Amino acid sequence: MKRSLSLLTAVLGASLLAFSAQAAEVQVAVAANFAVPLKEIAARFEKDTGHKLVAAFGPTGGLYTQVKNGAPFEVFLSADDTTPARLEREGDTVAGSRFTYAIGKLVLWSATEGYVDDKGEVLKKNAFRHLSIGNPKTAPYGLAATQVLDKLGLADAVKPKLVEGTNITQAYQFAASGNAELGFVALSQVYKDGRITGGSAWIVPAALYEPIRQDAVILARGRSNAAATAFLEYLKGPKAAAVIKAYGYGR
Amino acid sequence: MSLSSSDLAAIWLTLELASLTTVLLLLIGTPIAWWLARTRSRLKGVVGAVVALPMVLPPTVIGFYLLVAMGPHGPVGRLTEALGLGVLPFTFAGLVVGSVFYSLPFVVQPLHNAFEAIGERPLEAAATLRAGPWDSFFSVVLPLARPGFVTASILGFAHTVGEFGVVLMLGGNIPGKTRTVSVQIFDHVEAMEYAQAHWLAGGMLLFSFVVLLALYSSRRMRPGLG
């Protein structure tokens, strides 16, 4: 039964491919911090290849749970490298498809102009009421933020002032609404075309935290989808790289 | 595998929040429900609709607006800062304010129904016995509306325990201050700690069932809001 079903799927898939190599659709699960650049990359990908991309955004841990419980995603763009590696170990990915599509950069940011100096001294002065970070247990940028505080020897001093967003998007929202004067957020959230878009920021030196490698992988469901393979190739290519860099990620 | 100390802290905090919210809601909700039951004012529809809003709005909408309104740039935030209270997001007091708003219809509507069911006659009878309005409220209305108060308290308490979106948007996940059980469960699931999530989620399921069972099995009370 199972064999004949997979045979049927293969035949159907092959005939679909033969009839319409251009019209395939790919379902992509995307970590919240990469939402904005992905929309831009998706638009170019659709224009250049004729494939269609459907994206779902969410926190990495949440997307993992959804994949494990049968969500119809074919490609996964994670906010870390451990979750795709775990899916790979558990046999839920196409072997050999995993690669680092972006390296996240952490920034200390305030919605207020001139509030953050370019050396991060504002942290040591400790005159703020709240510092928002992503949840270190679930958000890679949150974990990086705690590493920075540890390295600077400020972890105990600022601990009572920490507020946690469930993901980096919420950490940004706490800071953007002014409820937290300061926030450790993703550079991509406050950066476009080579400069900070508003407020004031300190781009945290990479030496102060472990690199935030964001890995992409083709999931088992995307195995025979030409659009899934095409999208990952596109993500590796120069056009996607330009967008990724413009949003403040490393490659 | 069982509950960790941070799980227990979250449970305790949730019970504190729900108790305080229920008490405040009974104090605020009773006059509103009484007014709604007695008034012939044209504003009745408007007030009724505003009270019912949290039932239809997604908690994210309520949480987002509360966050913006109570933040340092929002009207409520400016007021609380001018009063020397600081701003409310990320504080227990902020969660209480959010919960009161969020659970308001679950307290006002059972009370409203209970007050309406009493009708005019007992009050007229009390008036002929020369009871003043306060006297007749406390010695006639309150005893007659007792089942409504029980229903309102149970629903207000249970609904606050089950609150998630507002706390998530407003709380900042601070242990012992704003990290409630529902947020703790969310964190466990996000962190793939399924065993711990099961303990809390199972407990929540059991709690909710017992509360509703008590509510629906009670002969003297009419269940739900209707």
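Convention: sequence-line order gives letters A, B, ...; per-chain numbering from 1. Bear in mind that the values here come from a model prediction, so they are computed numbers and not experimental data. No hydrogens, no waters, no symmetry mates; every other heavy atom, side chains included, goes into these values.
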is_close_aromatic(A:W109, A:Y172), centroid dist under 6.0 Å = yes

Can you say whether A:L162 sits under 4.5 Å from chain B via the side chain, the backbone, both, or neither, judging by heavy atoms?
-> backbone

Aromatic ring proximity, centroids under 6.0 angstrom, A:F128 and A:Y115 | no

B:P72, B:G86, B:A191: which one forms the most heavy-atom pairs within less than 4.5 Å of chain A?
-> B:P72

Which answer fits A:T83, side chain, backbone, both or neither, if we ask what part of it has an atom under 4.5 Å from a heavy atom of chain B?
-> side chain

Quick one: pull up CG in B:L88 and OG1 in B:T91 and give me the separation to the nearest 0.5 Å.
-> 5.0 Å

Has B:R38 got its NZ or CZ under 6.0 Å from the middle of the six-membered ring of B:W35, at an angle within 45 degrees of the ring axis?
-> no

Among B:L168, B:V68, B:V87, the residue with the most heavy-atom pairs under 4.5 Å to chain A is B:L168

Per-residue contact mode, A:N135 against chain B (heavy atom under 4.5 angstrom) | side chain

Using a cut-off of under 4.5 Å on heavy-atom pairs, state which of A:N179, A:T138, A:V163 scores highest against chain B.
-> A:N179

Looking at A:F34 versus A:F57, is the centre-to-centre ring distance below 6.0 Å?
-> no

For this output row, return yes or no: ring centroids of B:F186 and B:F164 closer than 6.0 angstrom.
-> yes

Which of the residues B:H73, B:E190, B:M169 is involved in the greatest number of heavy-atom pairs with chain A at under 4.5 angstrom?
-> B:E190

